[in-house]
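Here is the structure we will look at.
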Amino acid sequence: MVKQPPQTLDIGVGMTSARTRNRMVERLRAKGIRNEAVLRTLSSLPRHLFVEEALASRAYEDSALPIGFGQTLSQPWTVAFMTETLLADGPLQKVLEIGTGSGYQAAVLATLVPQVYTVERISPLYQQARVRLSALGYKNIAMRHDDGTIGWPGRAPFDGILMTAAAELAPEGLLAQLQIGGRLVMPLGQGEKQQLMIYRREAAGIRAETLAECCFVPLLSGLY
């Protein structure tokens, strides 16, 4: 059963209203998103609070939006599809997100999963997301300013990892932080030639599956 986000989130008027969110969800349903818990979460979550005020009127378009420092807030379909894919094999208890960004994907996950850990390498984005998620009342999100390629070994193993930046190869360190039966959803590739992938850690090893074409910012190491 999907949890209601911590605050009453019928915030906004016009292009940022609950009605606008519901229209966005209907477009996602028409594009093939089937997980009703995911759709209800996106309907209740005010995406316009996760972008600059000047972009608020575009928050419910199915497009990626800039959040500064060369980073983007993924389009709603991508957020919905990655979340749906991560949850497709059954409920998760503990999820790691690589690339907090604005905090929107973490908020989506935190409504559906008991415990979310999220890592962001860019300090200003980390600070902004921490303030934003705290203001919205999320209690089940742990945040860290660190190199996302390292993951969060001290909180491993995870039964799900979601990565919001593209790598040339699936990071071995992240695969090692999956428990048996866990899955990593991530974009793979460079430039415009990227594929959304799911890696499942099984007793016999790692099984990879290609899901869809995608376009993400590149995964970078180090801190900013």
Side-chain angles (χ1 to χ4, degrees), residues 1-68 71-88 91-92 94-120 125-143 160 162-164 185 216:
M1 182 176 179
V2 64
K3 297 185 291 184
Q4 185 68 14
Q7 299 286 347
T8 300
L9 295 177
D10 285 331
I11 300 170
V13 295
M15 293 303 292
T16 62
S17 66
R19 180 176 297 179
T20 302
R21 295 199 295 277
N22 290 335
R23 286 198 297 266
M24 176 191 72
V25 165
E26 290 309 312
R27 291 195 300 271
L28 295 177
R29 186 177 279 112
K31 290 183 177 182
I33 302 301
R34 293 289 176 260
N35 188 311
E36 290 297 325
V38 172
L39 291 169
R40 286 194 299 270
T41 297
L42 268 64
S43 177
S44 64
L45 191 61
R47 192 168 184 259
H48 62 279
L49 297 184
F50 291 83
V51 297
E52 293 182 4
E53 188 174 352
L55 295 172
S57 64
R58 297 185 55 202
Y60 302 99
E61 298 174 4
D62 197 22
S63 60
L65 295 174
I67 57 172
Q71 306 301 299
T72 59
L73 169 59
S74 295
Q75 68 186 92
W77 181 87
T78 301
V79 172
F81 183 71
M82 292 181 75
T83 306
E84 181 177 71
T85 300
L86 195 68
L87 297 171
L92 303 176
K94 186 168 68 169
V95 168
L96 172 65
E97 179 195 26
I98 304 300
T100 312
S102 70
Y104 181 74
Q105 176 71 78
V108 170
L109 290 170
T111 308
L112 298 162
V113 177
Q115 184 62 56
V116 175
Y117 295 86
T118 182
V119 180
E120 174 56 56
L125 291 181
Y126 163 77
Q127 297 293 346
Q128 291 167 14
R130 186 175 66 173
V131 170
R132 182 179 292 123
L133 293 169
S134 176
L136 288 172
Y138 287 95
K139 305 296 185 183
N140 62 329
I141 301 176
M143 301 182 62
L162 192 151
M163 195 163 84
T164 60
V185 177
F216 282 78

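The shown structure was predicted, so the numbers you read here are calculated from the model rather than taken from an experiment. Atom set for the values below is all heavy atoms of this structure, side chains included, hydrogens, waters and symmetry mates excluded.
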OH of Y104 to CG of L73, rounded to nearest 0.5 Å, is 7.5 Å
To the nearest 0.5 Å, atom CE of M143 lies from atom OG1 of T100 at 4.5 Å
Checking N140, L87, L86 against L109 for side chain to side chain contact (heavy atoms under 4.5 Å, CB included), the one that qualifies is L86
Nearest heavy-atom approach of V108 to L45 is CG2-CD2, 3.5 Å
Determine whether P46 and R21 make a side-chain contact, defined as any pair of heavy atoms from C-beta on separated by less than 4.5 Å. yes
When rounded to the nearest 0.5 Å, the distance separating CZ of R132 from CG of L125 is 9.0 Å
> Would you call R58 and S63 a side-chain contact if the rule is heavy atoms closer than 4.5 Å?
Replying inline: yes
| message | Applying side-chain contact (heavy atoms from CB on, under 4.5 Å) to F216 and T78, what does each step give before you reach the verdict? | response | CA-CA 10 Å; F216 282 78; T78 301; 3.4 Å; yes
**OP:** Check the side chains of T83 and Q105 for a donor-acceptor pair under 3.5 angstrom, ignoring hydrogens and angles.
**Re:** yes
- Task: Look at the side chain of T72 and the backbone N and O of I67, then say whether any donor-acceptor pair between them is shorter than 3.5 Å.
- Result: no
Between Q75 and A64, the two heavy atoms sitting closest are CB-N, 3.7 Å
Closest heavy-atom pair, D62 versus K31, reported as atoms and distance to 0.1 Å, is OD2-NZ, 2.6 Å
For R29, the side chain to side chain contact (heavy atoms under 4.5 Å, CB included) test, sequence neighbours excluded, returns V25, E26, R34, E36, L39
Point to revise | L112 vs V38, side-chain contact (heavy atoms from CB on, under 4.5 Å): CA-CA, chis, key distance, verdict | key: CA-CA 8 Å; L112 298 162; V38 172; 4.0 Å; yes
dist L65:CG -> R47:CZ (nearest 0.5 Å) comes out at 5.0 Å
dist R40:CZ -> N22:CG (nearest 0.5 Å) comes out at 12.5 Å
Residues A129 and G101: closest non-hydrogen pair is CB-O, 3.6 Å
**Q.** Q128 vs S102, side-chain contact (heavy atoms from CB on, under 4.5 Å): CA-CA, chis, key distance, verdict
**A.** CA-CA 7 Å; Q128 291 167 14; S102 70; over 6 Å; no
query: So, do I33 and E84 sit near enough that their side-chain heavy atoms are less than 4.5 Å apart?
result: yes
Closest non-hydrogen atoms of L133 and G103, given as atom of the first, atom of the second and distance, are CD2-O, 3.7 Å
Is it true that the side chains of T118 and E97 contain a donor and an acceptor less than 3.5 Å apart?
yes
Q. Is it the case that R23 places NZ or CZ above or below the six-membered ring of Y60, under 6.0 angstrom from the centre and within 45 degrees of the axis?
A. no
Tightest non-hydrogen contact, residues F50 and L136, listed as CZ-CD1, 3.6 Å
OG of S134 to NZ of K139, rounded to nearest 0.5 Å, is 6.0 Å
- After noting the C-alpha distance and the side-chain angles of L28 and L42, does the key distance pass the side-chain contact (heavy atoms from CB on, under 4.5 Å) rule? CA-CA 10 Å; L28 295 177; L42 268 64; 3.6 Å; yes
